[in-house]
2 protein chains.
Amino acid sequence: MKFSKVPEATIRRLSTYVHHLEVLEKNGEVVVSSANLARSCGVNAAQVRKDLAYFGEFGIRGVGYYIKDLADNIKTILGLNREWRVAIIGIGNLGASLLLYKEFFKNNYKIVAAFDLNPAEVAGRVSERTGKPVEILHPDRLKEVAKDRRIDIAMITTPASEAQKVADLIAQTTIRGVLNFTPAQIQMPKGFEVKNYFFTAVLDNVAYLLRWKRR
Amino acid sequence: MKFSKVPEATIRRLSTYVHHLEVLEKNGEVVVSSANLARSCGVNAAQVRKDLAYFGEFGIRGVGYYIKDLADNIKTILGLNREWRVAIIGIGNLGASLLLYKEFFKNNYKIVAAFDLNPAEVAGRVSERTGKPVEILHPDRLKEVAKDRRIDIAMITTPASEAQKVADLIAQTTIRGVLNFTPAQIQMPKGFEVKNYFFTAVLDNVAYLLRWKRR
DNA sequence: GGATGTGAAGTCGTTCACAGCT
DNA sequence: AGCTGTGAACGACTTCACATCC
């Protein structure tokens, strides 16, 4: 298979399709039409069909889509049928939250390492919250640990001012995916997949919309 | 002023321009060209100029943009020059993290209330972490408190299965902006500004890109 | 000279509308 | 009859290229 040019927006929507298909499945539904799935995901029905069409034909004309079947197919497309090994770098408030927030992760993501400049202090603080000992490593060990533990994706949750230093460290490892939670724009060599996820930008967007509401 | 049709992507970028302008200002820079700002934000220079052109003329030909001036202008456009009063609904791991993560908020966002179905238990758990007493309210009181404390924006950090119930409660209040951190698609009446911000969708996107990397 | 502001061109994504299956 | 799959129309956003102004 070779999916030449799939819009990024399509990929984002596929994630939400999976979530809603799982809800439908849990409710005992068996088939769903593009129109229904579209409604619950807040998109256009043609959009659903187009998104799926990038990857094959999963429906039955006159009927719809078998829910379990479609969910499995999308998971395979997205790579959610395999385990992804994740590291968290920077265990402040956000990093610690991600570290503890097991529910946040579907079972295909697994946190296999956590790094911070003050391993001992941070480990103490976190394990106080959990009651269990927690392993926090110094970023010096990133390269070695990334290899040993086969880390696929790093999540950067340091202060913005440290983000580029972390990115430089990551560039020297076998890690190839990065999710950057800081507002800093990080530079990485070709071949790395980097996504930014800075939540106040979205908050600013809400503020803007409220700001210019007529009334 | 009336900004008929500004792309949402433009608004998102304006947030990042502000961040980078503030970094430049802190470094003692005075003027910046669209080309330089664009580079540090990872976008095209024409894009920067187009984005700004939606709102006016802020630059000087042959020179560039005065950094402080431009930052102030963008903040005014986005509504970041006024205080926005925020509530967090659902104080689990993520909600608690947002509640405590003061640095996450620029000074124009202020958390003025936190809600959870188990106020007493949750308040105990959170204040254990901070050492200070923390007020957690039952969602029953949302309408009353929203009015008294003039809440502008609600952040939903409950489990996905509760999100619609929360949305229904919000619909009855004076709150008009919502940031939904759950994967559920919430339905709200006209006149509400809702943005979804579900982080595993972005993680899935990274996984997808890694999945289909040739090699 | 040099960088902005902007029409025009280009690219990308969404929606329509209907042919084609079941 | 109903719903998918898809070419074609449409619309939106981005990039180019250059006239304009400091």
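Within every chain, numbering begins at 1; the chains are lettered A, B, ... in the order of the sequence lines, protein sequences first and strands thereafter.
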Considering all heavy atoms, the nearest [X]-[Y] contact:
X	Y	answer
A:Tyr17	A:Cys41	CD2-SG, 3.7 Å
B:Ile136	B:Ile91	CD1-CG1, 4.1 Å
B:Val202	A:Asn196	CG1-O, 4.5 Å
A:Asp152	A:Glu83	OD2-O, 4.1 Å
B:Ala87	B:Phe115	CB-CE1, 4.0 Å

Taking only heavy atoms on the protein side, list every residue of residues 18-32 of chain B lying under 4.0 Å from any atom of DNA chain D, sorted numerically.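 DNA chain D contact set from residues 18-32 of chain B: none.
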
So which of residues 63-71 of chain A are in contact with DNA chain D, with a heavy-atom cut-off of under 4.0 Å?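 Contacts with DNA chain D under 4.0 Å: A:Val63, A:Gly64, A:Tyr65.
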
Rounded off to whole Å, could you give me the [atom1]-to-[atom2] distance for the [X] and [N] pair?
X	N	atom1	atom2	result
B:Ile11	D:dC13	CD1	P	11 Å
A:Leu37	D:dG5	CG	P	12 Å
A:Leu52	D:dT4	CG	P	10 Å
B:Asn36	C:dA3	CG	P	9 Å
B:Lys5	D:dG11	NZ	P	12 Å
A:Phe55	D:dG5	CZ	C1'	15 Å

For A:Lys75, all residues meeting salt bridge (Lys or Arg N to Asp or Glu O under 4.0 Å), sequence neighbours excluded: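 If we apply the salt bridge (Lys or Arg N to Asp or Glu O under 4.0 Å) test to A:Lys75, skipping adjacent residues, the hits are A:Glu22.
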
Among residues at least two apart in sequence or on other chains, which ones pass salt bridge (Lys or Arg N to Asp or Glu O under 4.0 Å) with B:Lys68?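 Checked B:Lys68 against salt bridge (Lys or Arg N to Asp or Glu O under 4.0 Å); matches are B:Asp72.
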
Phosphate oxygens OP1/OP2 of C:dT4: is one of them under 4.0 Å from a side-chain N or O of B:Ser34?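 Yes, B:Ser34 has a side-chain N/O under 4.0 Å of OP1/OP2 on C:dT4.
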
Does C:dA3 have OP1 or OP2 under 4.0 Å away from a side-chain N or O of B:Ser33?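 For C:dA3, OP1/OP2 do not have a side-chain N/O of B:Ser33 under 4.0 Å.
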
Under 3.5 Å: donor-acceptor pair, side chain of A:Arg149, backbone of A:Val112: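 Judged by distance alone, yes, a pair lies under 3.5 Å.
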
Is there a donor-acceptor pair closer than 3.5 Å between any side-chain N or O of B:Trp212 and the backbone N or O of A:Ile77?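 Answer holds: yes.
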
What is the per-nucleotide protein-contact pattern of nucleotides 14-21 of chain D, from the 5' end, where B denotes a base atom under 4.0 Å from a protein heavy atom, S denotes such proximity for sugar-phosphate atoms only, and - denotes neither? SBBB--BB

Indicate the ring-plane relationship of B:Phe55 and A:Tyr208, choosing parallel, tilted or perpendicular according to the 30° and 60° boundaries.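 Ring orientation of B:Phe55 relative to A:Tyr208: perpendicular.
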
Looking only at side-chain N and O atoms, does B:Gln172 offer a donor or acceptor that is under 3.5 Å from a partner on B:Asp168?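 No donor-acceptor contact under 3.5 Å links the two side chains.
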
Verify the distance criterion only: is there a donor paired with an acceptor across the side chains of B:Asp204 and A:Tyr109 at less than 3.5 Å?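 Result is yes, a qualifying pair exists.
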
Consecutive-pair stems (3 or more, Watson-Crick or G-U, under 3.5 Å) for DNA chain C: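 Stems for DNA chain C, defined as runs of 3 or more consecutive pairs: C:1-22 with D:1-22.
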
Please tell me if the side chains of A:Leu98 and A:Phe181 come closer than 4.5 Å, counting only heavy atoms from C-beta onward.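 Side-chain contact under 4.5 Å: yes.
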
